[in-house]
Amino acid sequence: MDIIESIDNLSVQDPPGEDFSAADLDWVKLGSEDRYDDVALIPYDRVDAFIIGECSNVECPTRFHIERGRKRAKGSLKQYKNDEYLEYRLYWCSFGPENYGEGGGILPSRRYRLNTRNRAARPQSMRGCTCHFVVKRLYARPSLALLIYNERRHVNKAGFVCHGPLDRDAIGPGAKKIPYVCSEIQQQTMSMIYLGIPEENVLEKHIEGIQRYCGSDAKVKSLASQYVQKLGMIIKRSTHELDLDDQASIRLWVERNKKSIFFYRDTSETDPFILGIQTEWQLQQMIRFGHRNIIAADSTFGIKKLKYPLCTLLVFDSRQHALPVAWIITRSIAKPDVAKWMKALLDRVHSVDPGWKASGFLIDDAAAEIEPIREVFSCPILFSLWRVRRSWLRHIVKKCTNIEVQREMFKRLGQIMYSIWGGVDLAVALEEFSLDFVDQTSFMQYFKDSWVPKIEMWLTSMKTLPLASQEASGAIEAYHVKLKTKLYDDSHLGSLQRVDWLVHKLTTELHSSYWLDRYADESDSFVNVKEEYIASTSWHRALQIPDNAISLDDRDHLFAKVVSQKDSKVTRVVWNPGSEFAHCDCEWSLQGNLCKHIIKVNMVCENLQCYQSSLSFQSLKNILIDLWEKPMDDSVALDISTAWTHQMLDQVQKLVELNSSDDIGLVVNNMPLKWVAKKVRTTSGRQSSTLALSSSSKNDYARKRNRKRKRLSRFR
Ligand SMILES: [Zn+2]
Ligand SMILES: [Zn+2]
């Protein structure tokens with residue numbers, strides 16, 4: 001047996017074909033007589049192709065997930081060995097590493113188990129598979145990756161093949177148990193049941209899924225059918241109430257769902273209750289969509305109705321829809337408490353991807369503590385007005401019956417918001433507002449009680465923090481509305497004060513629904529789910545309205561009309577066009593939502609001279625002017641600022657080019673980097689940031705724009 005001690009003379013292998021696997025490579029033993037690993041050297045940009053190839057192993061089809069990762073900055077080492085890593089990732093077969101099966105150390109998740117004394121059916125996903133490999137991007141040669149295979153067989157600790165057609169427990173004469181189902185199929189089947197999809201359709205999709213892993217015959221089908229039935233029954237009978245006492249019940253839940261919790265502190269005399277929930281899947285989504293992107297908070301949900309309010313952290317997915325990646329249930333907004341759970345969350349993310357970083361954190365509550373965000377996430381903080389807009393509009397509609405009065409009041413409130421940069425005296429503006437609408441006593445009372453005491457705080461936040469776009473605000477609102485419909489359906493009014501019920505709802509129904517949305521979109525299946533998901537934000541619905549459906553009042557710019565696409569006899573009137581505080585007479589808007597008509601009208605107005613630009617754009621302009629007016633010295637600090645500003649301008653330039661171009665190909669070809677049509681998603685998760693900073697962000701950025709472009713063109 002030849003064992004090499006150094007990778008110096010190792011040749012780089014680049015097998016042909018789109019994907020390739022371990023079988024296509026020549027493996028060399030690296031190390032010493034006592035300890036050695038199988039290694040191979042490949043170009044770094046073919047790592048994804050290798051992982052895809054490894055997943056489609058005929059004998060053991062699987063997925064690989066990142067179990068651990070580490071990163072170093074270029075230039076951070078003075079001395080290094082030639083196999084030192086720049087980036088280190090440990091990939092593990094998703095049928096491991098835990099073993100939830102017989103003989104395994106961990107009990108299967110009991111969330112979906114019948115409460116019987118029988119043992120659980122053979123657990124479905126975690127089978128203690130030990131197959132894993134390491135990808136080391138070389139510090140000395142970043143264009144290359146060293147693959148280190150530690151265990152190539154898909155076997156458990158006892159050395160038995162533990163999944164795939166060769167798993168003797170799964171099929172074959174000795175099979176007493178149902179064919180295993182990987183976690184993806186399990187999640188799919190569960191999600192479909194939660195969404196109330198008829199059992200025969202669930203079964204059909206379920207069988208389609210397991211066939212990928214273990215062929216098909218009558219036995220498999222009948223077992224699959226039993227499985228789906230059983231799961232349906234388990235879900236129907238599953239209850240949030242693990243104990244009559246809510247606190248004890250939550251304790252039990254926490255005990256049983258350790259993998260889905262990033263922070264937990266029980267109520268005590270000195271400390272308030274905090275529960276931070278994040279499932280494995282949510283963690284992966286946070287890593288994938290949150291890196292160099294915006295994290296947003298939908299805070300203080302249910303502050304009146306729920307026992308403890310709920311805060312959701314959201315990322316914007318590939319369609320810029322808000323996707324919940326963490327839930328925090330607590331009443332405490334005290335700085336040390338917020339800092340604690342935030343840090344725990346970030347530590348969890350960093351344990352998988354140490355290079356992960358958010359580009360911005362979007363808050364929606366002026367009372368929120370921003371210091372912990374700055375300290376923990378160390379990124380800029382943005383502010384969204386969706387919450388205040390929604391409250392005001394809802395109360396105006398509820399408390400003022402005359403639609404003309406509604407329009408004017410909302411417009412005036414908008415003007416106060418827009419005037420923050422104009423040096424208008426707030427006290428005078430508020431006084432005038434209350435005098436002009438003095439007869440609207442009910443609204444005025446609400447406004448005086450709820451807003452006058454804190455409006456200055458809100459306006460200060462608006463002035464000091466950059467403001468979020470309408471697309472982002474709309475996406476957060478869409479999440480908020482969905483959460484509301486799921487939680488406040490009338491069947492559970494008695495449960496609102498129980499935390500275990502809230503946790504159950506979030507981690508089963510809501511989680512499943514988002515999981516299936518993403519799955520439908522990425523696998524291009526479940527056409528109805530996918531369509532509904534795409535159209536789930538006002539922004540997307542607005543993109544489907546053609547420009548010629550909009551007519552503006554050219555004389556006074558008081559209103560715009562939008563012809564309905566479904567019924568051309570119906571026309572919506574959007575009052576105060578060009579403003580986030582526009583008022584539309586459609587039903588959706590009258591419920592307080594930012595509707596597609598307003599967004600579309602504002603999209604049209606944005607390009608017209610005679611309308612004001614949006615709050616977020618005015619806020620950006622203001623930041624730039626501030627920057628411009630700052631005193632400068634001719635230092636290195638200035639060079640750095642110049643470099644960053646230049647990069648930012650470059651990005652804005654690309655955005656404008658892409659948005660105004662009819663042929664995306666032309667723009668892309670002019671980019672300094674060669675356009676590579678990568679698979680949007682691989683099993684390895686997020687596209688790793690492999691290129692140098694400037695070029696990779698540009699490329700990421702272009703790819704994102706491209707997706708957006710594609711979805712735009714689909715609607716045209
Ligand atoms: Zn495996
Ligand atoms: Zn509308």
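What you see below is based on every heavy atom in this structure, not just the backbone, and it leaves out hydrogens, waters and symmetry mates. Note that the structure is predicted; figures quoted are calculated from it, not measured. Indexing begins at 1, ligand by ligand and atom by atom, following the structure's order.
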Does Arg137 make a cation-pi contact with Tyr44, if we ask for NZ or CZ under 6.0 Å from the ring centre and within 45° of the axis? yes

As a test of reading the structure, name the N/O/S atom of His154 that is nearest the Zn ion (ligand 1). ND1

Below 6.0 angstrom between ring centroids: does that apply to Phe447 and Trp392? yes

Please walk me through it: do Tyr91 and Phe50 pass ring pair (Phe, Tyr, Trp, His ring centres under 6.0 Å)? CA-CA 12 Å; Tyr91 286 90; Phe50 171 72; 8.8 Å; no

With the Zn ion (ligand 1) at the center, what angle do SG from Cys93 and SG from Cys129 span, rounded to 10 degrees? 110°

When you measure from the Zn ion (ligand 2) to each N, O or S atom of His597, which atom gives the shortest distance? ND1

Regarding Glu532 and Lys530, does a basic nitrogen lie under 4.0 Å from an acidic carboxylate oxygen? no

